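Here the structure is laid out as structure tokens; the discussion comes afterwards.
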Protein chains: 2
Amino acid sequence: MLDLIELLFFAYRNFVSDPDEILHGFGFGRAHHRVLHFVNRHPGMRVTDLLDILRITKQSLGRVLRELVDQGFIDSRAGASDRRQRLLYLTPKGEELTREFVAIQSRRIQRALEESGTDSRDLVRRFLVAMIDPEDRSPTEKLIARADQAVEARSLVRGPTAG
Amino acid sequence: MLDLIELLFFAYRNFVSDPDEILHGFGFGRAHHRVLHFVNRHPGMRVTDLLDILRITKQSLGRVLRELVDQGFIDSRAGASDRRQRLLYLTPKGEELTREFVAIQSRRIQRALEESGTDSRDLVRRFLVAMIDPEDRSPTEKLIARADQAVEARSLVRGPTAG
DNA sequence: CATTTATGTCAGCCATGTTGACTTTTTTCG
DNA sequence: CGAAAAAAGTCAACATGGCTGACATAAATG
């Protein structure tokens, strides 16, 4: 297993370096990437939801979130039904930036799947899920499913060719 | 691909948290884990080799390496043929600690491979290699091969049942 | 009205990266 | 031999992104 332990290290390092380089030009770092990524996936999410996903403290998140809001990458609106909540959305500027690193990371994964063989996607997906702590798997898969459904819903509203 | 991007994040986070927890008891962190891991894999490696693998600065490495040597987890001996070199070895204490996190990470991978299906190992390995930057792949695979061969050589010297 | 919840903020600390400058020891090469 | 290069180590200062603890405010809830 030692080879796979190391390959995970090397692969992940390259994988996260893609967005790192893009964000470095804006004075942002890895922490900003994560925030942008999950706000993109769950538009209108609460700050608390983001804290649960990232598993960092409010203070750590607060720092990067403030920078992203101040510089116009994220919009933070009070909730309609519960006005204590701050619901997080990407601005057009934030969407544009997010598209960049989603694209580059998707390309890397796509290439790797093609090189590793036909029908590798399902197996790789199952492997990654199984690498997650058992108690976290179901919540994680539900989170991903909810995000995917929301994308689907938005694309139906805008029409099939709008995205 | 968004689901795989996120699964990589969640899977890797759990994957590295295993050794993190073990090392936290010794006042060590992620940086110490990496050093111990690669010194275990390449006993007698030079400091320069380690710098090449980790891609961090001499100063960053120096800090954690000093702690590991001072506290008796790593032995640093002058090279026989080139006495400028410091060749790095795990002490018995370092070996014991290293065995712990190799074991826990191996168990996680083993479990994930079993759950993701028969013959998943080869495909997962190919996928991980293909996730690495093309120009880094060949050096990385050679590095892993050399480490595996050295393990093989050592086990032949000590006899097949010694390990 | 008291309590809880969601959020934000100040202050300070820690781990681990970075740059830049410099030293010592040893090897290599013209 | 002597100059240059290589391997390693060190000092100082700084950045990023984690952390704890203590509070403050607004709004919902019972």
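Any value given below was found using the heavy atoms of this structure, including those in side chains, with hydrogens, waters and symmetry copies removed. Just so it is clear: chains get the letters A, B, ... in the order the sequence lines come, proteins before strands, and each one is counted from 1. What you see is a predicted model; the values in this text were computed from it and never measured.
- If you run side-chain hydrogen bond (donor to acceptor under 3.5 Å, both in side chains) between A:Asp18 and each of A:Arg107, A:Arg108, A:His33, A:Gln105, only A:Arg108 comes through.
- Neither OP1 nor OP2 of C:dG17 sits under 4.0 Å from any side-chain N or O of B:Thr57.
- Atom CG in A:Leu61 sits roughly 9 Å away from atom P in D:dG18 (whole-Å rounding).
- Within 3.5 Å, no donor on the side chain of B:Arg84 pairs with an acceptor on the base of D:dA8, nor the reverse.
- When each of B:Tyr12, B:Phe15, B:Phe38 is paired with A:Phe9, the ring-ring contact (aromatic ring centres under 6.0 Å, His included) condition holds for B:Phe38 and for no other.
- Which of D:dA7, D:dG9, C:dT16 sits closest to the side chain of B:Gln85 comes down to D:dA7.
- The CZ-P distance, from B:Arg86 to D:dA6, rounds to 18 Å in whole Å.
- C:dA15 atom C1' lies 14 Å from atom CZ of B:Arg66, rounded to whole Å.
- Rounded to whole Å, the distance from NE2 on B:His24 to P on D:dC19 is 11 Å.
- Taken from CD1 in A:Ile5 to NE2 in B:His37, the straight-line distance is 6.0 Å, to the nearest 0.5 Å.
- Remark on DNA chain D: of its neighbouring residues A:Asp82 and A:Gly29, the 5'-side contact belongs to A:Gly29, judged by nearest-heavy-atom nucleotide.
- For A:Gln59 against D:dG21, a side-chain N or O and a base N or O form a donor-acceptor pair under 3.5 Å.
- Here A:Gly62 lies out of heavy-atom contact (under 4.0 Å) with every strand.
- Comparing C:dT16, D:dG9, D:dG18 by their closest approach to the side chain of A:Ser60 singles out D:dG18.
- As judged by a 4.0 angstrom heavy-atom cut-off over every strand, B:His32 is placed among residues touching the sugar-phosphate backbone only.
- Among the heavy atoms of the strands lying under 4.0 Å from A:Arg63 is at least one base atom, whether or not backbone atoms are also near.
- Atoms CG and CD, on B:Leu51 and B:Gln59 in that order, are 9.5 Å from each other to the nearest 0.5 Å.
- Close to C:dA6, at under 4.0 Å from its OP1 or OP2, lies a side-chain N or O of A:Arg46.
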